[in-house]
Amino acid sequence: MLCTDKGSRLNKGLLAAVFTVLLAMLPWRAMAAEPIKIGLITALSGQSALAGEAITRGLQTAIDEINADGGLLDGRELVLVRRDDEANPAKGVVAARELIHKEKVAVLFGGLDTPVSLAIVPLANQARVPFVGPWAAGTPITKNGADPNFVFRVSAMDELVDKAMVAYAQENFGSEKFGLMMINNPWGESNQKGLVAALDEQGMAPVASEKFDGDAIDVVPQLTRLRDAGADTIAMVGNVGPSAQVVKSLRRMGWDVPIVSHWGPAGGRFTELAGPGAEKVHFVQTYSFFGEQSPVGQKLIAALKAKYDDVDGPEDITPAVGVANAYDAMHLTALAIENAGSTEGPAIREGFFGIDSYPGLIKTYRTPFSPEQHDALGPDDYVWAQFIDNRIVPVERND
């Protein structure tokens, strides 16, 4: 009996030793590596939930591609960790703290709404964690004065969009008298400054400027003042709900006037909320899945159709900017992490500056970031779209 116990112990010890040797012989990549967490804070509920889902799909599809190609940093997989900010800056900050300090994300994406992004920016800079924006366009998000600045963006930027809005209105509607209709929050303030500056460059000034709240259900008084001031075009900045109220109020007034808008209407159920006249709003985008696609675009459409049951074609990839911006932003971020050779925030920040060239979806990026330039997209990357039924289509392809 004693001999049997002793033999059993010897056999167990031998097996343990052999197992240890075998483990030591395995390649490092074959062992379970800690995943790299990518955080996302966005509106996943409410009127802008569709945009939050679009951002999610763009990020997740890029992550799937990166993982299928072997992951990053010698085989580490990427994992997306999401939180709903409900378009509320305070909730966005709480979510950012959790993702940064508890989940230990390497990079934080998010800020569908400019006020949410602006609330997160100081926290990300203080924690020295890169914060990448695939949607919110407020100029001060990336131009925030921090040194070092950990905020990057693959999206539109207000001061450039504002110039594009003025140029588009002049070219397509012969606009000479702009009435400004701005949402009453930091995003509206950012565009108020940008539009005034853009008009000033053309030797013009707004004939009148009005503000409206996010929960407004009637903006006839503001629009009446714009009409009485002689406005021949409305330059509008607002998210889905309030922008829809502008269209409904114009219909009640019987005022048929061109509306050139930032991309707020693209974020959700705009045609449902606005009703007849929604198609008259022309708004900026950074990408369209309609028309001839590059190999990257073809690959992404095929991946989305395979992964999501509700995607049968370009009309179902909406809002297109959420998918496209997030997809390119994730791939650029992956390059930054590889350049860094680390998941440490300061190293990844430097890794963004080391990106040379990347053939992306929206364009081929060539040195997209530098210590002085944290926005990867410019006015040459904008396209103009409108709603036809429930589809967001380029204005020139509205048939």
I'd like to know if [X] and [Y] make a salt bridge, using a cut-off of under 4.0 Å between side-chain N and carboxylate O.
X    : Y    : result
R76  : E34  : no
K305 : D310 : no
D256 : K280 : yes

Looking only at heavy atoms, which two atoms of [X] and [Y] are closest? And how far apart?
X    : Y    : result
V166 : A198 : CG2-CB, 3.9 Å
S190 : D158 : OG-OD2, 2.8 Å
V154 : L377 : C-CD1, 4.0 Å
I348 : A336 : O-CB, 3.9 Å

Would you check if the side chain of [X] reaches a backbone N or O of [Y] as a donor-acceptor pair within less than 3.5 Å?
X    : Y    : value
Q386 : E279 : yes
S249 : V219 : yes
N149 : T142 : yes
D113 : V116 : no
T139 : E159 : yes
D85  : A87  : yes
Q293 : F289 : yes
Q373 : D375 : yes
T318 : A320 : no
R251 : A274 : yes

Whether over 12 other heavy atoms sit under 6.0 Å from [X] [atom1]:
X    : atom1 : answer
Q126 : CD    : no
K363 : NZ    : yes
E176 : CD    : no

Can you confirm whether the side chains of [X] and [Y] place a donor and an acceptor under 3.5 Å from each other?
X    : Y    : result
Y308 : E53  : no
T286 : N325 : yes
Q60  : D64  : yes
Y287 : D381 : no

Does the side chain of [X] reach to within under 4.5 Å of the side chain of [Y], using non-hydrogen atoms?
X    : Y    : answer
M181 : S243 : no
L223 : V246 : yes
D328 : Y365 : yes

In sequence, state the C-alpha distance, the side-chain angles, and the governing distance for H374 and F352, and then conclude on ring pair (Phe, Tyr, Trp, His ring centres under 6.0 Å). CA-CA 9 Å; H374 286 219; F352 276 108; 8.5 Å; no

Strictly under 6.0 Å, is that where the ring centroids of F369 and F152 end up? yes

Applying side chain to side chain donor-acceptor pair (under 3.5 Å), run through R82 and T56 and close with a yes or a no. CA-CA 8 Å; R82 299 193 306 170; T56 299; 3.0 Å; yes

For residues 176-204, which residue pairs qualify under ring pair (Phe, Tyr, Trp, His ring centres under 6.0 Å), counting only residues two or more places apart or in two chains? W187-H262

Mutual orientation of the aromatic rings belonging to W384 and Y168 [parallel < 30°, tilted 30-60°, perpendicular > 60°]: parallel

Approximate separation, where rounding is to 0.5 Å, of L180 CG and L195 CG: 5.5 Å

So how far is it from I38 CD1 to T333 OG1, rounded to the nearest 0.5 Å? 7.0 Å

